[in-house]
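Each remark here refers to the structure printed beneath this line.
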Amino acid sequence: MRAAGEDASRRLYVYNGGFLTQRRIRRILSLAGWSVRIGKPGAKDWVGVWGKSPTAHRGEAVANKSDARILRVEDAFLRSVLPGRSGSAPIGLLLDKTGVHFASATPSDLETLLAEHPLDDTALLERARSAMAWMRASQLSKYNAFDLDHPLPEAPYVLVIDQTEGDASITESGADVSRFKEMLYWARENHPGARIVIKSHPETVLGHRKGHFGPDDLAQNMVLCTDPVSPWQLFEGALAVYTVSSGLGFEAILAGHKPHVFGQPFYAGWGLTEDAFPVSRRTRNLTRAQLFAAAMILYPTWYDPCRDQLCDLEEAMAALEADARAWREDHQGYVASGMRLWKRRHLQQFFGRGKRLIFNDNPAENTDRAVMVWANKAQSLPPDRPVIRMEDGFIRSRGLGADLIPPVSLVTDDLGIYYDPTRESRLERLIAAAAQLPEHALSRAERVVSALNAGKLSKYNLVGQQLPDLPRGRRILVPGQVEDDASILKGCGEVRTNAALLAATRHSNPDAIILYKPHPDVEAGLRDGAIDHAAMEIANMVLSHADPIQLIDMVDEVWTMTSLLGFEALLRDTRVTCLGTPFYAGWGLTHDLGKVPARRQARPSVTALAHAALITYPRYFDPVSGLPCSVEVAIERLEKDELPRPGPFNRTVAKLQGVLASYAWIWR
C-alpha cells in the first residue's frame, strides 16, 4: 500500500538480492530519492536492474509486463580500493534512465550528455581539468589497491589491457573473446619488436574471475603484469595503449594517450581514440576535459561515506584518496612497539583496517613487518629494521593528549620526524616539493586554511577564557612550550627554556608589549615548563588558559622556539620569529634566529606549506564513521564538536601516568 503523499514516480522495484543486501547501494539510492522495494510495480513505477548483469532479465521481464520504466544501476568510474567481490562498497553509482553506459546498441544518458550537452561552461571545464590532475597526482583509479613503490615493467612497452571473461561490458560493446586475440595481434603488428605488457584485471589477480590472457598466451617479448601497480604509472611507460572496452581505456585518455579500441565503450567515437569498430552515430569531437566533465561530474551520483550524504566529485575523490592511502600504506601490516594500553584501540582503528596491528614490545619477533613506534622511542630499535615514526598531527583534537583524548590526525614518517631538524624528514621533502604544486592542489589548500581560520581551530581546540583588555602598542605573543618536549631537545640551541625565550624576546624588543601564553599541558600540571616569578615579570601580561587563535588575531608578531603556534600564526598572515628550528622555519616564511639546515632551499608559499603539513603529511580518522577521512571532514568534526567524549576517568589516569610510569605494564 502506498503511503500518504508518496511519490510513485520514485518507487524502485528490484529483483536482484544485491539491492537489498548491500547497504551502501541502498543508501545511495535512498539519498538520491529512490524508495527500494520488492513486489509488483505499476505503470508509473520504476524497476531497478544492475546494468546488464545475469539477473537483469528478471527486472526487464517484470518491466515489460507492467509497463514500468527501467533504471539501470552501475558502479561509478571511481569505485573503491578493492573490487566489490572483495567486499569494498562503492563511493558512487551511475543511475541511467535510458540505457547503460557500456552498451553501444542504444544511447545511454551518458552518451546523450556527450552528444548533446554544450560542455562549454568555463567553470565546469576548469573543474574537470583540476579533477583530472588530482586523479593523476593521487593515483586514483576505479580500483585502488596499488603499491606505488612496486617495480614497474621495463619501459618502453605497448600496454594491452585484459578484462574478465564474460563481462557484460565486453559483449554489450559489440565484442567477444576473439576481439582480445585480434587486439593482441594488432598491438604486435603495429609495433614490431616492441615489448608487450598485458595488464591483468584486478579481479583476475585476486582469483574472482578468469581473464582472457594467461602465461600460456605469452610469446617472445611479452610479459603478463599481475603486480599491484598503478595504471597511471603504467601509462607513463607505454608507447601505446590497446583495449577492448576496459575502463582503463578511459583513464588512458586522461593520461594523454589515444588508445586503440576494439570494442565500443562509452569513451570511443569522440575523436579521442583509435577505433577499430566505430559507432556511426557518434560524430562529435570532444576534448579530454569535456569527456571527463560529462562522465565524472554530470553523470554519476557520488557519495561521501564519512558524512553519509550525496556529494560532488571532489568530495568523493577526497574520501577515496584517504581510503586508498590507508590501504596502500597499511596493507602489509605493522608491529607496534611501546604503545600504551589506552592508545591501542584507537591505533588499531587508525592503522589496522587492512591487516591488524601486532602490539609487541619485542619487534624482533615479527621480522616480516615494519615497526611502528612513537618517534621519541625510535632510537631504541635495531637499525636494520624499517621504522615508521609516529606523532600527533597538527590538527589533533578537542582536548589534550595528556588527558588521554585520542587524535583525529596522526603523522607517520619513514625518514625521520618533523620536529627533528638534525635529519631529513618526510615532511621536509613534501614541503620542498610543494614549491611546485599545481593550481588544483594550492586551491584545495587555500580552502582548508580558510576553513581553519573561519572555525578558529588550532591543534587542541580548548575553550579559552575571555581575554582581558590588552595594552596598546606593538604586541608580541610568546607561546610557552613543554621544556622536555622532543622539538625543544632536537630543535633548539642556547634558547631552550620558556624563561630564556622571554628574555631573548624582551632583549630584542625592549618597547614591545609581550604577551606570554603558557602551554596547555603545563597549565594542566601534566608536563614541565612552568616559569618563575622573575620570568613572568618580563612579560607585560601572562594569559593563562587563553584561546591561542584569538590571541594571534590580536598581535603583530609571534616569537617562539619551535611551537606549532608559529605555524598557526603563519596561516593567519602573522609575522613569526623562530629561535629554534621548527618544521616551518628555513623556507623563507619566517624570521629565523635559530640554526636552519642548509638543505631547506625551496621557497614555498604559506599555502604550499599548508598543503604539505595539513593534507599530504598527516593521516586523518573520522571517529563518527570509523573510516579514514579527508582533512576537510576532520575540520568539520572539530568545528561542530562531533567527537566522542572521553570517559570520566581520563583526567585521573592522566595524572597517574607519571606515578605509574615505572611499571612496565602501563607502557605496553
Q | Pairs touching residues 585-597 that satisfy salt bridge (Lys or Arg N to Asp or Glu O under 4.0 Å), sequence neighbours left out | A | none
**Q.** Expected output: side-chain Gln436 to main-chain Ala433 donor-acceptor under 3.5 Å
**A.** no
Q) To the nearest 0.5 Å, how far apart are CE in Met339 and NZ in Lys377? A) 7.5 Å
Q: Compare all side-chain heavy atoms of Pro597 with those of Thr581 and state whether any distance is below 4.5 angstrom.
A: yes
Q) Does anything in residues 326-339 pair up under salt bridge (Lys or Arg N to Asp or Glu O under 4.0 Å), and if so which pairs, sequence neighbours excluded? A) Arg325-Glu329, Glu329-Arg619, Asp330-Arg619
Q) Under 6.0 Å from the CZ atom of Arg603, do we count more than 12 heavy atoms belonging to anything else shown? A) yes
Q: Please work out which of the three classes, parallel, tilted or perpendicular, describes the rings of His346 and Phe350, given edges at 30° and 60°.
A: perpendicular
Q: Determine which pairs satisfy salt bridge (Lys or Arg N to Asp or Glu O under 4.0 Å) with at least one residue from residues 480-502, sequence neighbours left out, and list them in order.
A: Asp484-Arg527
Q) Quick one: ring-ring contact (aromatic ring centres under 6.0 Å, His included) pairs with a partner in residues 482-512, sequence neighbours left out? A) none
Q: State, to 0.1 Å, how close Leu501 and Leu579 come at their nearest heavy-atom pair, and which atoms those are.
A: CD1-CD1, 4.0 Å
Q: Just do the side chain to side chain contact (heavy atoms under 4.5 Å, CB included) check on Arg575 and Val558 with the steps written out, would you?
A: CA-CA 6 Å; Arg575 176 181 168 87; Val558 170; over 6 Å; no
Q: I would like to know whether Ser138 and Glu321 meet side-chain hydrogen bond (donor to acceptor under 3.5 Å, both in side chains); could you show each step before the answer?
A: CA-CA 7 Å; Ser138 296; Glu321 179 184 54; 2.4 Å; yes
Q: Taking all heavy atoms of Val596 and all of Gly586, pick out the closest pair and write down the distance.
A: CG1-CA, 3.3 Å
Q) Distance from His519 atom NE2 to Ser563 atom OG, nearest 0.5 Å? A) 6.5 Å
**Q.** Parallel, tilted or perpendicular: ring planes of Trp134 versus His440, cut at 30 and 60 degrees
**A.** parallel
Q) How long is the span from the SG atom in Cys578 to the OH atom in Tyr584, to the nearest 0.5 Å? A) 4.5 Å
Q | Minimal non-hydrogen separation, Ala322 against Pro628, with atom names | A | O-CB, 3.7 Å
Q) Do His331 and Lys355 have side chains that get closer than 4.5 Å, going by heavy atoms? A) no
Q. Does any non-hydrogen side-chain atom of Cys311 lie less than 4.5 Å from one of Ile91?
A. no
(Q) Any non-hydrogen side-chain atom of Leu457 less than 4.5 Å from a side-chain atom of Ile549? (A) no
Q) Nearest heavy-atom pair of Met536 and Ile531: which atoms, and what distance? A) CG-CD1, 3.6 Å
(Q) Suppose we screen for salt bridge (charged side-chain N to carboxylate O under 4.0 Å, His left out). Which residues come up paired with Arg345, at least two apart in sequence or across chains? (A) none
(Q) Run Asp553 and Lys456 through side chain to side chain contact (heavy atoms under 4.5 Å, CB included) and show every step you take. (A) CA-CA 10 Å; Asp553 291 339; Lys456 298 187 180 300; 3.4 Å; yes
Q: Could you check if a side-chain atom of Leu410 sits within less than 4.5 angstrom of a side-chain atom of Phe621, using non-hydrogen atoms only?
A: no
Q. Between Arg27 and Asp308, is there a salt bridge with N-O shorter than 4.0 Å?
A. yes
Q | Validation row, ring centre Phe394 to ring centre Phe583 under 6.0 Å | A | yes
Q | Side chain Arg385, main chain Pro363, donor-acceptor under 3.5 Å | A | yes
Q: Please determine if Glu568 and Lys459 form a salt bridge, counting it only when a charged side-chain N lies under 4.0 Å from a carboxylate O.
A: no
Q: Keeping the roles fixed (side chain from Asp323, backbone from Ala319), state whether a donor-acceptor pair exists under 3.5 Å.
A: no
Q.
Quick check on side-chain hydrogen bond (donor to acceptor under 3.5 Å, both in side chains): which of Glu314, Glu632, His611 does Arg444 satisfy it with?
A. Glu632
(Q) I'd like to know if the side chain of Arg506 and the backbone of Ile538 have a donor-acceptor N/O pair within less than 3.5 Å. (A) yes
Q) Which residues pass the salt bridge (charged side-chain N to carboxylate O under 4.0 Å, His left out) test with Arg475, sequence neighbours left out? A) none
Q. Can any side-chain N or O of Glu557 pair as donor or acceptor with the backbone N or O of Thr577 at less than 3.5 Å?
A. no
**Q.** Approximate separation, where rounding is to 0.5 Å, of Leu427 CG and Ile417 CD1
**A.** 8.5 Å
(Q) Do the side chains of Asp414 and Arg426 get close enough for a salt bridge, i.e. N-O under 4.0 angstrom? (A) yes
Q) Do the side chain of Arg599 and the main chain of Arg423 share a donor and acceptor less than 3.5 angstrom apart? A) yes
Q: Kindly compute the distance separating CG (Leu570) from CH2 (Trp587), expressed to the nearest 0.5 Å.
A: 13.5 Å
Q) So, Ser487 side chain and Thr562 main chain: donor-acceptor pair closer than 3.5 Å or not? A) no
Q: May I ask you to check whether Ser625 and Asp622 show a side-chain donor-acceptor distance below 3.5 Å?
A: yes
Q. Would a distance-only check, ignoring hydrogens and angles, find a side-chain to backbone donor-acceptor pair under 3.5 Å from Asn498 to Gln481?
A. yes
(Q) If you apply the rule salt bridge (charged side-chain N to carboxylate O under 4.0 Å, His left out), what do you find for Arg307 with Glu636, and how did you get there? (A) CA-CA 10 Å; Arg307 297 181 176 100; Glu636 285 184 20; 2.8 Å; yes
Q. Looking at Gly92 and Trp302, what are the two nearest heavy atoms and their distance?
A. CA-CE3, 3.9 Å
**Q.** Intermediate values then yes/no, side chain to side chain contact (heavy atoms under 4.5 Å, CB included), Val478 and Ile476
**A.** CA-CA 6 Å; Val478 177; Ile476 296 177; 4.2 Å; yes
Q: Would you indicate whether the side-chain heavy atoms of Leu565 and Thr560 approach each other to under 4.5 Å?
A: no
**Q.** Candidate pair Ile388 and Val373, rule side chain to side chain contact (heavy atoms under 4.5 Å, CB included), full reasoning
**A.** CA-CA 6 Å; Ile388 304 297; Val373 64; over 6 Å; no
Q. With side chains defined as the heavy atoms from C-beta onward, is the minimum distance between Pro618 and Val631 less than 4.5 Å?
A. no
Q. How many angstroms lie between OG1 in Thr607 and CD in Glu446, if you round to the nearest 0.5 Å?
A. 5.0 Å
Q) Is a side-chain donor-acceptor pair under 3.5 Å present for Tyr516 with Asn540? A) no
**Q.** Shortest non-hydrogen contact from Val576 toward Gly566
**A.** CG2-O, 3.4 Å
Q) Within the side chain of Asp413, is there an N or O that forms a donor-acceptor pair under 3.5 Å with the backbone of Met390? A) no
Q) So is Lys343 actually on top of Trp374's ring, under 6.0 Å and inside 45° of the axis? A) yes
Q. Sub-3.5 Å donor-acceptor pair from the side chain of Arg389 to the main-chain atoms of Ala375, do we have one?
A. no
**Q.** 4.5 Å side-chain heavy-atom contact, Phe567 and Leu614
**A.** yes
